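First up is the structure itself, then whatever we jot down about it.
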Amino acid sequence: MTILTRLIAPTFAVVCLAGGVAAQSADPAVDAAIKARHAHMDLLAYNLGTLGGMAQDKIPYDATLASAAAANLAALSHMDWTSYWVAGSEAGMAEGSRALPAIWTGMEDFHAKQMAMATAADAMAAAAGTDLDALKAAMGPLGGACGDCHKTYRQPNN
Amino acid sequence: MQEPDIGTCALTARGWISAGLVGAAVVAAGLYVTRPVPLAANTLDGLTGDATAGAIVFAASGCASCHLAPGVDSGPAPALPGGRKFASPFGTFVAPNISQDTEAGIGGWTDVQIASAVLRGVGAGGEHLYPAFPYTSYGKADLQDVVNLIAYLRTLPADPTPSQPHELAFPFNVRASLGGWKLLFDRSDWVVTGDLTDQQQRGRYLVEALGHCAECHTPRNALGGLDRDRWLSGAPNPSGPGRIPNITSGNLTWSEGEIAEYLSSGFTPEFDTAGGSMAEVVKNTAQLTDADRAAIAAYLKIVPAVTNP
């Protein structure tokens, strides 16, 4: 050890980072709820991908296809999610969950964020069939609405 | 998991006394070697700041992500009253007020004082600042960029909200002990070296200096310093469970275009969106030029692949 390390080691080395608690769940209802909300999120991402592919000029603009994807997104956004967030299914408690405990303590705000997405998805549904410029303009707010919820309520991957 | 170093605690009583005598001398010498060294008064002479260019430096450096009020989203001409909290193994840091208020903020600081804080981690009173403020990254910033940044900060509103104290236990609340830490970990050389194209060099500057991406994406050693051998290879999430992802060339398989898109819109190639603290980072990188986002992507593609853990 160098003199400097000796100087500061006693000051800083006494820290032991807490280890992660092994996450596991035995409750089938918890596992089913996690599976269901992942499936729901994946459907959102899938339909958003169709619109995003057009917005990023990766696939050609097609008004019919765009309208269908946007209508799906709007429908998915308005669905009642309440039963997905069962007690004991938060990240750290259940395998595969990235849902932060803050959802359970802030259910009202969580719901408001879902409704903000629904509003952005409705705007996309109105715009997607019009033309590519309208679709592109609706893309930012919609992606922003997904991100606003993921920022506060989803933990990074394990 | 890091094992705490208990070797230093296992000394006998007699050992403690002699260690104490030697220690006192070493500490006195150490405190001199490790005293805060602000920039010389004439460092910025001859440089003129451009506030418009400074707004981009401000975005690239993510100052707002820490110094905005809690829960407030960034907008034009943000107030920077501080108050956001950052948990760490050493305690909780609270970002201070860096608005132009002359009492509560840094309105009364000279340009050299602000530059000393950003580049050297030295406060206006000549004290060491905690590296929760990522000056170890900013220390590599160009002086002209810093002068532009300061010109921009001067255009922002004053906010009278007083700064709150950090919540740190002894010994972490002793600022003098930071000098040794700085000597060990405050390094001015680049991590990724070799023959870099102009674009890769620009990307390196944006990632290693201004963007301080490593502060989240690189694991730390037992003393809280960044582990440069495992650069950008992912780390535990400081604000809760989960991990900050590995973004070395081995793990991040997205194309350069896809990385640039993520830094612009937050969309992954699968149309998931950036979450957690990265959502805030994307709000900043979205304000950069396409060329700068492409440069960051080009740099990430040459970061040596490291598997971690």
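Predicted model only: the values in this text are computed from it and were never measured.
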Rounded distance (nearest 0.5 Å) linking atom CD of Gln56(A) with atom CD of Glu258(B): 8.5 Å
Closest heavy-atom pair and its distance - Ala279(B), Gly147(A): CB-O, 4.3 Å
CZ-CG distance between Phe267(B) and Leu51(A), expressed to the nearest 0.5 angstrom: 9.0 Å
Lys58(A), NZ atom: more than 12 neighbouring heavy atoms under 6.0 Å: yes
Heavy atoms from other residues, nucleotides or ligands near NE2 of His111(A) exceed 12 (cutoff 6.0 Å): no
Met41(A) CE to Thr273(B) OG1 distance, which is reported to the nearest 0.5 Å: 9.5 Å
Greater than 12 external heavy atoms within 6.0 Å of Tyr61(A)'s OH: yes
Distance, nearest 0.5 Å, that separates CG of Asn237(B) from CG of Asn157(A): 11.0 Å
Interatomic distance, Phe271(B) atom CZ to Met139(A) atom CE [nearest 0.5 angstrom]: 5.0 Å
Heavy-atom proximity to chain B below 4.5 Å, by part of Asn47(A): neither
Pick from Glu270(B), Glu280(B), Glu261(B) with the largest number of heavy-atom pairs that fall under 4.5 Å of chain A: Glu261(B)
Non-hydrogen atoms of Gln155(A) and Pro241(B) that approach each other most closely: OE1-CG, 3.1 Å
